[in-house]
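Atoms considered below: every heavy atom in the structure, side chains included; atoms not considered: hydrogens, waters and symmetry mates.
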Amino acid sequence: MGSKDPWRSKADIPSISREDIQTVLSLSFPSISTFEFVPLEGGVINLVFKIFNITSKEDGSNEGNKNAIPDLVLKVINPQYDSSKAANEITIMKFLSHYLVSTGLLKCCYIPRIIQCDIEGKLLKNRLNYILMEFIEGKTLRDIELDSYEPEKRYYLLDQLAEFYAAMKCFTCFPQKIGCFEEFKILNPENPFFVQVSLISDIDTLIPPVDSFRDYFLQCLKSRCKHAVYKIDTSKTDSDKTFYQQALKCLQSILKKVEDSDLLGDISWGGEDRLCICHTDLNNSNIIVDPGTLQIKGILDWEWSCLGTFEMEETNLELIDKWGRDYFMEKVLQKWNEIRVAYPQSNPLGNIKPESSSSNYYKRKFWIKVNYFAIYCVCMQNWGVEDWELEKQNLLKDGEIYLEKILKM
């Protein structure tokens with residue numbers, strides 16, 4: 001992966017015209033008459049459009065019925081990725097949107113309904129993959145002033161998130177390897193909680209499915225080192241080049257320490273402490289709520305989802321660190337206990353509050369944070385941060401702290 005930037009921006013995607021969108025819409029709505037569309041902000045890698053005021057010729061009027069077809073979202077996948085990225089997102093969205101509700105785990109599903117998709121590049125020019133789905137009305141948590149809400153509403157938001165979080169972790173998937181999704185297969189319709197999955201390589205790092213946490217971490221870190229080399233070679237300023245050289249030196253030192261030791265050799269999973277379905281990007285930009293009530297309306301961007309460790313998910317939840325991790329975890333455990341009683345055949349996770357600081361939970365959590373630090377080092381500049389110079393300084397400070405801890409282990 002050193003030959004290209006695996007986090008190129010959506011600016012690299014060929015332009016999408018009205019005719020392109022008309023072509024996509026006509027597959028699901030052959031009598032489409034008029035529509036409007038605008039690009040949506042927030043997406044870093046993919047192009048995303050809102051399509052609205054859609055009218056159809058079938059209603060018999062000249063203007064069409066604007067309420068006949070709901071507002072839609074067209075997500076055009078960055079062509080730097082092959083079809084596996086879109087396939088991974090579609091696979092998990094379809095599985096969870098059906099089984100979270102059909103099993104009774106949730107009364108309603110927050111996952112947008114997929115209208116159509118193309119992962120073979122047959123329809124759009126330049127063989128672009130896309131997903132057409134329903135538009136979720138509301139605002140992202142990033143776009144509202146959460147601190148201005150009274151505590152009751154904030155706890156209501158945490159309650160909903162904990163319920164969804166707990167329900168998503170109730171499925172036991174086999175094989176128990178870290179990887180992205182190609183297919184879900186329910187072997188026994190009477191017990192949909194045990195699922196056979198076909199796994200594919202990680203969408204970002206291209207790491208094949210692994211059954212060892214040590215292998216996973218090492219492969220991730222090697223990928224980030226290659227990415228840092230690319231950044232050094234393509235840096236446009238001396239300041240950026242110096243930063244990536246320092247970041248690479250730090251990552252290589254961490255990599256060598258792990259390779260030359262057995263630091264991660266005893267980290268494993270099994271029983272209730274197992275791999276589970278992870279969204280992996282549950283940040284405030286991907287949670288849509290009603291801004292008046294903080295009722296969750298949608299959970300977006302499943303493209304990075306995978307079968308992974310609990311800590312992969314937990315590390316990204318910005319809300320629970322700010323408003324109460326203990327409260328959130330208590331609610332998750334409470335929901336799991338309710339699920340165990342209502343659905344004895346289910347197998348919710350349970351070992352998320354271990355008492356020993358030497359447990360797998362705390363070890364994995366630390367190393368997952370180190371992995372995210374590596375991602376931020378080589379990818380953050382692509383994300384359009386407000387003060388990149390300040391972020392570089394903060395990242396180098398974090399790197400010194402992580403490296404010092406790791407070298408003492």
Return the orientation label for the [X] and [Y] ring planes: parallel under 30°, perpendicular over 60°, tilted otherwise.
X      : Y      : result
Phe35  : Phe37  : tilted
Tyr110 : Phe164 : tilted
Trp367 : Phe217 : perpendicular

Quick one, [X] and [Y] - any side-chain contact, counting heavy atoms below 4.5 Å?
X      : Y      : result
Lys365 : Thr309 : no
Tyr149 : Ile144 : yes
Ile277 : Phe184 : yes
Gln176 : Asp211 : no
Leu141 : Asn283 : no
Phe174 : Gln196 : no
Arg340 : Pro348 : yes
Ile200 : Phe181 : no

Expected output: side-chain [X] to main-chain [Y] donor-acceptor under 3.5 Å:
X      : Y      : answer
Lys257 : Met409 : yes
Arg214 : Val258 : yes
Asp118 : Lys122 : yes
Ser235 : Thr237 : no
Thr280 : Trp304 : yes
Asn126 : Leu128 : no
Ser223 : Gln219 : no

Test side-chain contact (heavy atoms from CB on, under 4.5 Å) on Phe29 and Ile54; report intermediate values, then the result. CA-CA 10 Å; Phe29 312 101; Ile54 307 172; 5.6 Å; no
Side chains of [X] and [Y], donor plus acceptor under 3.5 Å:
X      : Y      : value
Glu36  : Asn53  : yes
Glu120 : Asn129 : no
Gln381 : Tyr244 : yes
Thr140 : Ser285 : no
Asn284 : Asn286 : no
Asp20  : Ser17  : yes
Lys231 : Asn382 : yes

Under 4.0 Å between a Lys/Arg side-chain N and an Asp/Glu carboxylate O for [X] and [Y]?
X      : Y      : answer
Lys331 : Glu163 : no
Arg224 : Asp204 : yes
Asp301 : Lys75  : yes
Lys153 : Glu150 : yes
Glu389 : Lys392 : yes

Determine, stepwise, if the pair Glu313 / Met168 fulfils side-chain contact (heavy atoms from CB on, under 4.5 Å). CA-CA 11 Å; Glu313 196 85 283; Met168 185 171 62; 3.1 Å; yes
Measure from NZ or CZ of Lys169 to the centre of the six-membered ring of Tyr165, then state whether that distance is under 6.0 Å and the direction lies within 45° of the axis. yes
For Phe52, does the six-membered ring have the charged nitrogen or CZ of Lys50 within the cation-pi criterion, i.e. under 6.0 angstrom from the centroid and within 45° of the normal? yes
Given side-chain contact (heavy atoms from CB on, under 4.5 Å), test Ile51 with Leu74 step by step and report yes or no. CA-CA 7 Å; Ile51 308 172; Leu74 177 65; 4.0 Å; yes
The residue among Thr172, Asn188, Ile186 that forms side-chain contact (heavy atoms from CB on, under 4.5 Å) with Phe194 is Thr172
Any chance you could measure [X], atom [atom1], to [Y], atom [atom2], to the nearest 0.5 Å?
X      : Y      : atom1 : atom2 : value
Lys297 : Ile136 : NZ    : CD1   : 8.5 Å
Leu396 : Thr242 : CG    : OG1   : 10.0 Å
Ser97  : Ile114 : OG    : CD1   : 7.0 Å
Ile299 : Met93  : CD1   : CE    : 11.0 Å
Cys220 : Ile207 : SG    : CD1   : 3.5 Å
Tyr130 : Ile119 : OH    : CD1   : 11.5 Å

Chi angles and distances behind the side-chain contact (heavy atoms from CB on, under 4.5 Å) call for Val24, Gln116: CA-CA 9 Å; Val24 171; Gln116 60 161 285; 4.0 Å; yes
Run the ring-centre check on Trp388 versus Phe243 and record whether the distance is less than 6.0 Å. yes
ring-ring contact (aromatic ring centres under 6.0 Å, His included) between Phe95 and Phe171, intermediate numbers included: CA-CA 11 Å; Phe95 174 78; Phe171 299 94; 5.1 Å; yes
For Lys222, the side chain to side chain donor-acceptor pair (under 3.5 Å) test, sequence neighbours excluded, returns none
For Phe366, look at atom CZ and say whether over 12 heavy atoms of other residues, nucleotides or ligands are found less than 6.0 Å away. yes
